[in-house]
There are 2 protein chains.
Amino acid sequence: MLLMNVKSLCLGILTFGEATGYEIKKAFETQFSQVYDAGFGSIYPALNQLTTSGYVSCRQEQQEKRPAKKIYSITESGLDFFLKELHKAPAKDKFRSETLTKLIFADMLPRENISILIDQVIDDYNNYVVDLSDSCCEKQSQSEKFLCGFGITVRQAAIKYMQENRHLIESASSSSSQQAAE
Amino acid sequence: MLLMNVKSLCLGILTFGEATGYEIKKAFETQFSQVYDAGFGSIYPALNQLTTSGYVSCRQEQQEKRPAKKIYSITESGLDFFLKELHKAPAKDKFRSETLTKLIFADMLPRENISILIDQVIDDYNNYVVDLSDSCCEKQSQSEKFLCGFGITVRQAAIKYMQENRHLIESASSSSSQQAAE
DNA sequence: CAAAACTATATCAAGTCGATATATATCAGT
DNA sequence: ACTGATATATATCGACTTGATATAGTTTTG
């Protein structure tokens with residue numbers, strides 16, 4: 001384990017207070033959505049491993065006609081471990097875009113298709129900005145506000161760039177070999 | 001297989017001409033570095049699977065005192081498959097930043113540490129912009145120029161935002177509980 | 001009143017990441 | 001001339017993550 005992964009972040013979330021796996025997932029969707037994503041498939045195994053390692057403790061709360069809640073709390077050794085993780089050098093930022101990757105093969109797609117593709121990215125980013133702008137005001141902590149603003153600013157810059165430069169690829173994909181597949 | 005993955009992209013790279021696994025890796029590092037990354041641990045297994053599926057053919061070139069080159073070419077059915085992949089809806093863009101994630105736990109780090117962290121991200125992004133600016137001129141295709149400009153613009157916006165708003169987190173982390181771990 | 005979304009758990013195959021291993025060649029600097 | 005770094009070229013492996021799927025009752029929305 002060289003750096004921050006789902007395991008460390010579950011631990012980090014538990015420093016804010018005890019929580020169930022489901023609640024941890026929600027934390028990833030709200031607080032961390034800008035910068036880190038994790039699904040149940042990573043969270044539940046992570047919590048099991050953390051329990052085995054003694055970094056979290058788990059108490060079960062029976063509920064009528066619902067699956068029992070498993071409420072996790074961070075232990076002392078868990079907090080130790082997390083603080084050590086926090087002091088490690090972080091990995092480089094990663095960005096992956098299948099849509100923009102597709103553009104590299106613009107010559108193989110009909111021109112129309114390219115335009116629709118770019119329209120969609122712009123639309124996605126726009127929606128993202130709107131959603132963030134709404135939720136940004138509700139954020140309590142300074143770091144959350146900072147990250148929220150970061151997400152908005154960066155996406156707005158991306159939208160502006162795409163609007164101003166889309167012609168570069170939209171014009172290029174016309175003359176080339178039109179190997180359209182039905 | 002629902003969308004673009006390393007396998008499809010290897011196929012895509014081979015539409016530009018035959019190549020070895022090593023050369024495909026270089027393509028990911030240059031042309032695709034903006035938007036998609038893949039290592040040998042994904043590329044070599046992908047090429048094996050593609051060979052088994054009959055989507056690529058492989059001819060071996062013996063070299064004296066060097067491991068034999070395996071030169072891959074895309075087949076007709078491979079091109080078919082790739083074009084179908086290209087017409088599928090792409091996944092959402094993903095961004096992951098361990099550094100920015102750390103900022104959520106700013107209260108647990110000494111103020112100095114936070115400042116260093118932000119300095120580093122800004123520095124990383126700056127270097128990225130410089131590198132891209134250099135290589136941008138050499139790019140041949142329009143789509144590569146577009147992506148190059150995209151990378152520069154977005155990171156410049158990120159740098160500007162961080163410089164203008166870093167005080168939000170740098171001031172906040174002072175008063176709170178200083179649970180520093182050596 | 002039905003359909004959708006929410007609460008809450010969990011697993012699994014397939015895919016990806018990062019490190020490591022093996023060899024040799026070449027190029028730059030001392 | 002030697003040393004170390006970088007490049008060519010392959011490949012594997014464990015650990016981790018992803019995305020889909022399953023189960024099952026409750027609450028909200030249209």
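Throughout, protein chains are lettered first and strands after them, A, B, ... in sequence-line order, and every chain is numbered starting at 1.
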Check: Between atom CD in A:E23 and atom P in C:dT7, what is the gap in whole Å?
Finding: 9 Å

Note to self: Please report the distance, rounded to the nearest Å, between CZ in A:F32 and P in D:dT17.
What the structure shows: 14 Å

Item checked: Residues forming a ring pair (Phe, Tyr, Trp, His ring centres under 6.0 Å) with A:F82, sequence neighbours excluded -> B:F105

Next item on the list: In plain terms, say whether B:R59 and B:E18 are close enough for a salt bridge, that is, a side-chain N and a carboxylate O under 4.0 Å apart.
Entry: yes

Item checked: Spacing between B:E29 atom CD and D:dA7 atom C1', to the nearest angstrom -> 11 Å

Next item on the list: With sequence neighbours excluded, give me every salt bridge (Lys or Arg N to Asp or Glu O under 4.0 Å) pair touching residues 37-49 of chain A.
Entry: none

Note to self: Below the 4.0 Å mark, does D:dT8 have OP1 or OP2 next to a side-chain nitrogen or oxygen of B:K26?
What the structure shows: yes

Margin query: Going by salt bridge (Lys or Arg N to Asp or Glu O under 4.0 Å), name the pairs with one or both residues in residues 43-56 of chain B, residues two or more places apart or in two chains.
Written below: none

Checklist line | Presence of A:R96 side-chain N/O under 4.0 Å of D:dT17 phosphate oxygens OP1/OP2 | finding: no

Item checked: Residues in side-chain hydrogen bond (donor to acceptor under 3.5 Å, both in side chains) contact with A:Q31, at least two apart in sequence or another chain -> none

Next item on the list: Give the cluster check for A:F16 versus A:L79: same hydrophobic cluster or not, with ILVMFWY residues linked at side-chain heavy-atom distances below 4.5 Å.
Entry: yes

Next item on the list: For A:E29, enumerate each residue passing the side-chain hydrogen bond (donor to acceptor under 3.5 Å, both in side chains) test, keeping only those at least two apart in sequence or located in another chain.
Entry: A:K25

Next item on the list: Starting at atom NZ of B:K7, determine the distance to atom P of C:dA13, rounded to an integer number of angstrom.
Entry: 17 Å

Note to self: Five pairs per end, C1' atoms only: what is the angle between the end axes of the helix from C:dC1-D:dG30 to C:dT30-D:dA1, to 10 degrees?
What the structure shows: 60°

Which atoms of nucleotides 12-14 of chain D (N or O only) lie under 3.5 Å from a protein N or O atom, and what are those distances?
none

Check: Of all residues at least two apart in sequence or in a different chain, which pass the side chain to side chain contact (heavy atoms under 4.5 Å, CB included) check with A:Y125?
Finding: A:F95, A:V121, A:R155, A:A158, A:I159, A:M162, B:D93, B:F150

Next item on the list: Please determine if a side-chain N or O atom of B:K94 lies less than 4.0 Å away from the OP1 or OP2 oxygen of D:dG19.
Entry: yes

Next item on the list: Provide, to the nearest angstrom, the distance between the CD atom belonging to A:E98 and the C1' atom belonging to C:dG15.
Entry: 13 Å

Next item on the list: Could you check how far NZ of A:K69 sits from C1' of C:dT9, rounded to whole Å?
Entry: 13 Å

Notebook entry, point to check: Who are the side chain to side chain contact (heavy atoms under 4.5 Å, CB included) partners of A:D124, not counting sequence neighbours?
Noted result: none

Next item on the list: Could you work out which one of C:dT7, D:dC16, C:dG15 sits closest to the side chain of B:N5?
Entry: C:dG15

Item checked: Transitive ILVMFWY cluster of A:Y44, excluding itself - 4.5 Å side-chain cut-off -> A:Y22, A:F40

Margin query: Is it the case that over 12 heavy atoms from other parts of the model lie below 6.0 angstrom from the CD atom of B:E112?
Written below: no

Checklist line | For B:T51, side-chain hydrogen bond (donor to acceptor under 3.5 Å, both in side chains) partners two or more places apart | finding: none

Next item on the list: Round to a whole Å and report the spacing from CG of A:L47 to C1' of C:dA8.
Entry: 13 Å

Checklist line | Whole-Å distance separating the CD1 atom of A:I43 from the C1' atom of C:dT11 | finding: 15 Å

Check: Does any residue of residues 13-21 of chain B have a heavy atom under 4.0 Å from DNA chain D, and if so, which ones, in number order?
Finding: B:T20, B:G21

